[in-house]
Amino acid sequence: MLTGSQTPPPEAHLLKKPKGSPQPSSSPLHPLKSPSSLPCSVPFRHRPVLVLSLLALQLLLLLSARFLPAPHLLLRRRSHSSHHPPAATLTDNPCPSGRIYVYDLPPSFNADLIAACNDLSPWASRCVALSNGGFGPPAADLAGVVPSSLLASWYSTDQFAAELIFHRRILNHRCRTADPSAAAAFYVPFYAGLAVGKHLWSSTSTSGDRDRDCAILLRWIKKQDPWKQSNGWDHFITLGRITWDFRRSREGDWGGSFLYMPGMENVTRLLIERNPWDGKDVGIPYPTGFHPRTVAEVSEWQQFVLNRNRSTLFGFVGAARSGFKDDFRALLLGECGRAGKGRCRSVDCGGGRCGNRSAETLNLFLDSVFCLQPRGDSFTRRSMFDCMLAGAVPVLFWRRSAYVQYGWYLPGGDEGREGEWSVFIDRRDVRSGAASVKKVLEKIGEERARRMREKVVDMIPKLLYSATEGGLGEGMQDAFDVAVEGVLRRFREQQLRLHREEDGRV
């Protein structure tokens with residue numbers, strides 16, 4: 001069940017000017033006094049020499065001031081830090097937005113959850129799915145589907161594995177620091193998705209079970225000095241499930257209440273589906289199966305999907321849901337069947353069959369120009385990222401499925417650029433018969449469809465997670481790099497706003 005949303009209160013306590021803060025002098029040479037304020041008891045014959053000396057001193061000070069760092073660069077980020085790096089090191093700094101401190105949590109919050117992987121699901125062991133640092137087992141079934149030179153970079157990756165993937169990468173990030181006083185951001189490697197997820201379908205689990213590990217984590221972290229100094233505003237965490245799994249507002253409702261617990265209101269959260277009305281939620285791509293190691297591998301895959309001969313206008317991978325009245329997926333499957341040969345193909349995932357049919361689904365996306373992406377159990381689907389990874393153009397029916405979800409990754413929002421890489425057809429028009437999916441897509445034409453596919457293919461690097469601990473290199477960012485850079489930029493902007501407020505410049 002999807003619960004209501006609440007927007008965290010503004011961080012007013014961080015933006016207030018401290019009482020008794022020193023006021024800047026109105027004179028650039030303060031505390032020196034101007035010549036006119038000096039006593040006039042100096043003999044007349046010595047006054048010209050004195051005036052010339054004072055003028056020379058002022059000139060020397062003004063010239064020296066030109067080479068001092070800008071005032072805002074000298075402001076301290078944390079109250080216990082007193083070191084001001086010289087301007088030259090700020091320019092050459094490989095981490096201009098700051099460094100990251102990764103908490104060394106007690107193993108019960110991450111490693112122990114992985115060790116107990118047999119107990120994370122009431123149906124089957126999760127050990128294989130979470131192997132290889134969250135990538136899962138190699139996708140041997142894709143032999144003959146993907147280029148043989150890239151097969152080693154394909155895995156059967158679970159859609160809820162982001163917590164493991166981010167933890168492994170951030171431990172090797174170039175801007176990681178072991179000194180919390182030198183950090184601008186603090187990462188909390190708590191696998192909350194695993195901790196909560198193991199209780200979501202258990203018939204014996206209670207609301208208390210779903211909240212227990214999260215509450216213990218918050219009690220632990222509130223005792224740490226970095227948290228005490230910021231109340232969490234410079235902390236961030238990856239949650240491997242959708243935001244609604246952590247937003248239980250009433251006893252007996254779905255999920256845990258982690259995001260409603262006191263202390264989480266200031267923390268930035270990276271999620272595969274965000275609450276559009278909560279600015280602390282940041283949408284990140286679902287993990288897919290392709291984890292390249294180099295820029296060359298990414299480029300080879302981009303050329304492969306761009307030059308692919310696509311024989312089908314549109315495709316759909318999904319299952320009808322008999323328990324839903326007027327199920328939209330069933331409607332799309334019916335429209336696909338009526339579209340005719342060469343117009344639409346589908347893979348029916350009924351009974352969970354698509355879990356082990358990655359070759360069939362990837363083949364369909366590789367052969368299709370467009371792929372239909374209705375909402376899933378929530379508003380987003382991993383299938384959209386599988387589709388785009390294969391170079392197909394997603395067709396969306398709910399704006400919340402992408403346009404208000406992944407602002408750091410997908411052009412759109414206020415820019416109005418959604419049409420560069422996607423097609424939107426209002427589901428209500430499809431239901432009423434006012435719009436036909438086939439006719440809408442046929443009207444796009446080959447030339448425009450080609451440009452849209454080129455845009456999708458160009459976006460591929462930012463939608464995948466590299467297998468290399470240090471990233472792809474050569475300036476190419478993957479989904480992890482975009483997320484971390486975005487977090488550091490966000491915290492830097494918060495810091496500068498705070499400093500302007502303290503300086504009375506707002």
Side-chain angles (χ1 to χ4, degrees), residues 1-9 103 105-123 126 129-130 134 158-167 187-222 227 232 235-284 286-287 376-380 382 405:
M1 179 183 296
L2 303 185
T3 61
S5 59
Q6 297 177 357
T7 302
Y103 280 103
L105 298 181
S108 59
F109 297 119
N110 41 50
D112 288 354
L113 290 166
I114 299 300
C117 53
N118 285 317
D119 303 322
L120 294 178
S121 168
W123 301 298
R126 299 268 289 147
L130 299 177
D158 188 89
Q159 64 178 339
F160 300 129
E163 292 161 348
L164 283 71
I165 294 172
F166 269 77
H167 192 190
Y187 185 70
V188 184
F190 171 38
Y191 299 168
L194 299 184
V196 173
K198 68 180 180 179
H199 297 294
L200 290 179
W201 291 276
S202 173
S203 59
T204 60
S205 292
T206 65
S207 297
D209 293 329
R210 297 194 291 272
D211 290 342
R212 182 177 301 109
D213 290 336
C214 300
I216 295 173
L217 180 279
L218 285 172
R219 286 199 297 271
W220 183 89
I221 205 165
K222 288 178 181 179
W227 180 280
H235 286 54
F236 69 113
I237 188 173
T238 303
L239 302 178
R241 304 189 65 88
I242 63 174
T243 190
W244 313 109
D245 290 343
F246 306 96
R247 291 182 178 272
R248 188 190 72 249
S249 57
R250 295 178 299 180
E251 185 68 23
D253 281 354
W254 172 262
S257 63
F258 188 32
L259 297 185
Y260 291 147
M261 292 181 180
M264 284 301 295
E265 62 272 13
N266 292 330
V267 177
T268 294
R269 320 106 185 193
L270 307 175
L271 302 118
I272 52 178
E273 178 174 324
R274 65 182 290 263
N275 176 358
W277 296 280
D278 189 337
K280 292 298 181 180
D281 279 9
V282 175
I284 59 173
Y286 279 77
D377 295 327
S378 61
F379 282 98
T380 63
R382 164 175 158 163
Q405 287 291 339

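- Considering only heavy atoms from C-beta on, Leu218 comes within 4.5 Å of Met264 through its side chain.
- The two residues Ser249 and Tyr260 have their closest heavy-atom pair at CB-CE1, 3.9 Å.
- Residues Pro287 and Ile272 form a side-chain contact, since some pair of their non-hydrogen atoms from C-beta on lies under 4.5 Å apart.
- Between Trp254 and Arg248, the shortest heavy-atom contact is O-CB, 3.3 Å.
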Side chain to side chain contact (heavy atoms under 4.5 Å, CB included) between Val196 and Phe258, worked out: CA-CA 9 Å; Val196 173; Phe258 188 32; 5.5 Å; no

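- Put simply, the side chain of Ile242 does not reach to within 4.5 Å of the side chain of Leu271, judged on heavy atoms.
- Taking the six-membered ring for Trp and thresholds of 30 and 60 degrees, His167 and Tyr191 have ring planes more than 60 degrees apart, a perpendicular arrangement.
- Note that CD1 of Ile284 is 13.5 Å distant from CZ of Arg269, once rounded to the nearest 0.5 Å.
- Distance alone, capped at 3.5 Å, places no donor-acceptor pair between the Gln405 side chain and the Gly283 backbone.
- For the 3.5 Å distance criterion, the side chains of Asn275 and Thr243 fail to qualify, holding no donor opposite an acceptor.
- Remark: Leu239 CG to Asp245 CG distance equals 10.0 Å, nearest 0.5 Å.
- With Val188 as reference, Ile221 is the one residue of Thr238, Asn110, Ile221 to meet the side-chain contact (heavy atoms from CB on, under 4.5 Å) rule.
- Between Asp209 and Thr204 there is no side-chain heavy-atom pair separated by less than 4.5 Å.
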Stepwise side chain to side chain contact (heavy atoms under 4.5 Å, CB included) check, Leu120 with Cys117: CA-CA 5 Å; Leu120 294 178; Cys117 53; 4.3 Å; yes

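- Below 30°, between 30° and 60°, or above 60°: for Trp123 and Trp201 the angle between ring planes is between 30° and 60°, a tilted geometry.
- Residues Tyr103 and Trp220 form a side-chain contact, since some pair of their non-hydrogen atoms from C-beta on lies under 4.5 Å apart.
- For His199, there are no ring pair (Phe, Tyr, Trp, His ring centres under 6.0 Å) partners at least two apart in sequence or on another chain.
- Within the 4.5 Å cutoff, no side-chain heavy atoms of Lys280 are placed close to those of Leu259.
- A heavy-atom distance below 4.5 Å is not found between the side chains of Met261 and Leu217.
- The shortest non-hydrogen separation linking Trp227 to Gly263 is CH2-O, 3.0 Å.
- Between the side chain of Asp211 and the main chain of Ser257, a donor-acceptor pair closer than 3.5 Å is present.
- Proximity of a side-chain donor or acceptor of Glu163 to a complementary backbone N or O of Ala161 within less than 3.5 Å is not detected.
- Closest approach of Lys198 and Asp119 over heavy atoms only: CB-O, 4.0 Å.
- Val282 places none of its side-chain heavy atoms less than 4.5 Å from the side chain of Phe236.
- The CG atom of Leu194 lies 12.0 Å from the CG atom of Asp112; values are rounded to the nearest 0.5 Å.
- Put simply, OG on Ser121 and CZ on Arg126 are 7.0 Å apart, with the number rounded to the nearest 0.5 Å.
- Checking side-chain atoms of Arg210 against main-chain N and O of Gly255 turns up a donor-acceptor pair under 3.5 Å.
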